[in-house]
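So the structure is just underneath, and the comments pick up after that.
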Protein chains: 2
Amino acid sequence: MPAPDPDVRRRLIEVAADVLSEEGPGALSARRLARDAGTSTMALYTHFGGMPALVRAVVAEGFARLYDRVAEVEPSADPLADLVAAAVAYRGYALADPHLYLVMFGSASLGEYRLTETELEVGLAAFGQLVAVVERVMDAGAIRRSDPAAVAGQFWAALHGYVMIELSGLSHVVEDPEAQILQPLLTNLLTALGPPA
Amino acid sequence: MPAPDPDVRRRLIEVAADVLSEEGPGALSARRLARDAGTSTMALYTHFGGMPALVRAVVAEGFARLYDRVAEVEPSADPLADLVAAAVAYRGYALADPHLYLVMFGSASLGEYRLTETELEVGLAAFGQLVAVVERVMDAGAIRRSDPAAVAGQFWAALHGYVMIELSGLSHVVEDPEAQILQPLLTNLLTALGPPA
DNA sequence: CGATCGACCATAACGCCGTTATGACAGGAT
DNA sequence: ATCCTGTCATAACGGCGTTATGGTCGATCG
């Protein structure tokens, strides 16, 4: 084989993530990626099989980055503070790379649909972190014990929903969305989930 | 003018919404729409100016339909029940036309970005309904009095976030997402927002 | 009432796109 | 030394959004 260049696959994913971040999904094209990665469009087909598959790989990469970003918050003595910190990190990631974030959740709409098993796995790994944090909060007694996945799902839905609305520019229904919507939303959730008294 | 056919604009929007609903965004193309609407691609440019503008019109149409759908829930004697009914109607709309719903919120990612003033207005009109319901719930004393827009924003974020996760297929982290995530999420929000007791 | 004008849209072309066919080329296996 | 196989470059195909051009009418006005 001709120097199989095992990095070509990796390079294509990273170039795609960069182009997506900086110029948006409209700039994603096979020819552009091949040029920027210093190869030809055929490499894209030998390594991925087509453009949609590459986008899926980029989505998986995005979830991996989200995972890393959220994993950066070190567990402290106060699990509840950790939960809030994780939420802040999550929002920070989405705002830092909105195009990628939107494609991650909109790929169901963009490509053809439905995440494959592989992407679901990566996404679920990221979600698993949240479940773990929730479990620790329960262990600490800051919220009542119940199905951690269900509780984590509620937090995720609230967080994701807020972030999407903020990214869409629709959050300007209020002056300070973060203070008037996100913060009370999480606080209210924590209050209702809190110990009986 | 040659029978200005004032319906061409309307027909293009409706055909686009239909194609989007039934075959997804990948099937949206100027040539396809022109063919289905019984005209040529030029009509698209005289009426909209280009493909992105047409997509924006479809997004506005989607928000209008969402508005109508949610407006169908008649105010009853129990505003709190009305709020829940509105949430059910909202989810129903999103699940009934997932492609359109995803484009509505993902158009920031699809086209080039940012909703224009016009779409924001339509979106905000839909949001206004929710604010009104929240105000009536406050009047009834079922939740504490505070900024209705901020409270409505929290509900919207929670609802939208849940719906997005459900549409992405990511909600299968639990067996029955609606019962384990959406329902408790709204209930918890209502509980925390409820009167001091 | 007929000439004129201008909005509407059909046709055809341009440069892009994703994708495919084809083939050159470079090792590993034989 | 031979073939075989995975890798990638070149070039082509159909379809895309968009634009240029021109024909065709309804409205307007002398």
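On a predicted model such as this, the values are computed, not experimentally measured, just so you know. Lettering follows sequence order; numbering is per chain, from 1.
- Each salt bridge (charged side-chain N to carboxylate O under 4.0 Å, His left out) pair with one or both residues in residues 27-37 of chain A, not counting sequence neighbours, appears once here: A/E23-A/R32, A/R32-A/D36.
- Note on B/H47: every side-chain N or O is 4.0 Å or more away from OP1 and OP2 of C/dA7.
- As a whole-Å value, the separation of A/R9 CZ from D/dG6 P is 16 Å.
- Take A/D18 and apply the salt bridge (Lys or Arg N to Asp or Glu O under 4.0 Å) test, not counting sequence neighbours, and it matches no residue.
- Every residue two or more places apart in sequence or in another chain that forms a ring pair (Phe, Tyr, Trp, His ring centres under 6.0 Å) with A/Y101 is listed here: A/Y90, A/F105, A/H160.
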Exercise for review: For nucleotides 11-21 of chain C, just jot down a letter per nucleotide in 5' to 3' order: B, S or -, based on protein non-hydrogen atoms under 4.0 Å.
Suggested key: B-B---BBBBB
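- Here C/dC8 presents its C1' atom at 13 Å from CZ of B/R11, a figure rounded to the nearest Å.
- With hydrogens and angles disregarded, a donor-acceptor distance shorter than 3.5 Å links the side chain of B/Q129 to the backbone of B/Y67.
- Note on residues 182-195 of chain A: no pairs pass salt bridge (charged side-chain N to carboxylate O under 4.0 Å, His left out), not counting sequence neighbours.
- The distance from atom CZ of B/R56 to atom C1' of D/dG17 is 15 Å, rounded to the nearest whole Å.
- Within the 4.0 angstrom heavy-atom criterion, only backbone atoms of the sugar-phosphate kind lie near A/T39; the bases stay farther away.
- Applying the salt bridge (charged side-chain N to carboxylate O under 4.0 Å, His left out) definition to pairs two or more places apart or across chains, none involves residues 66-75 of chain B.
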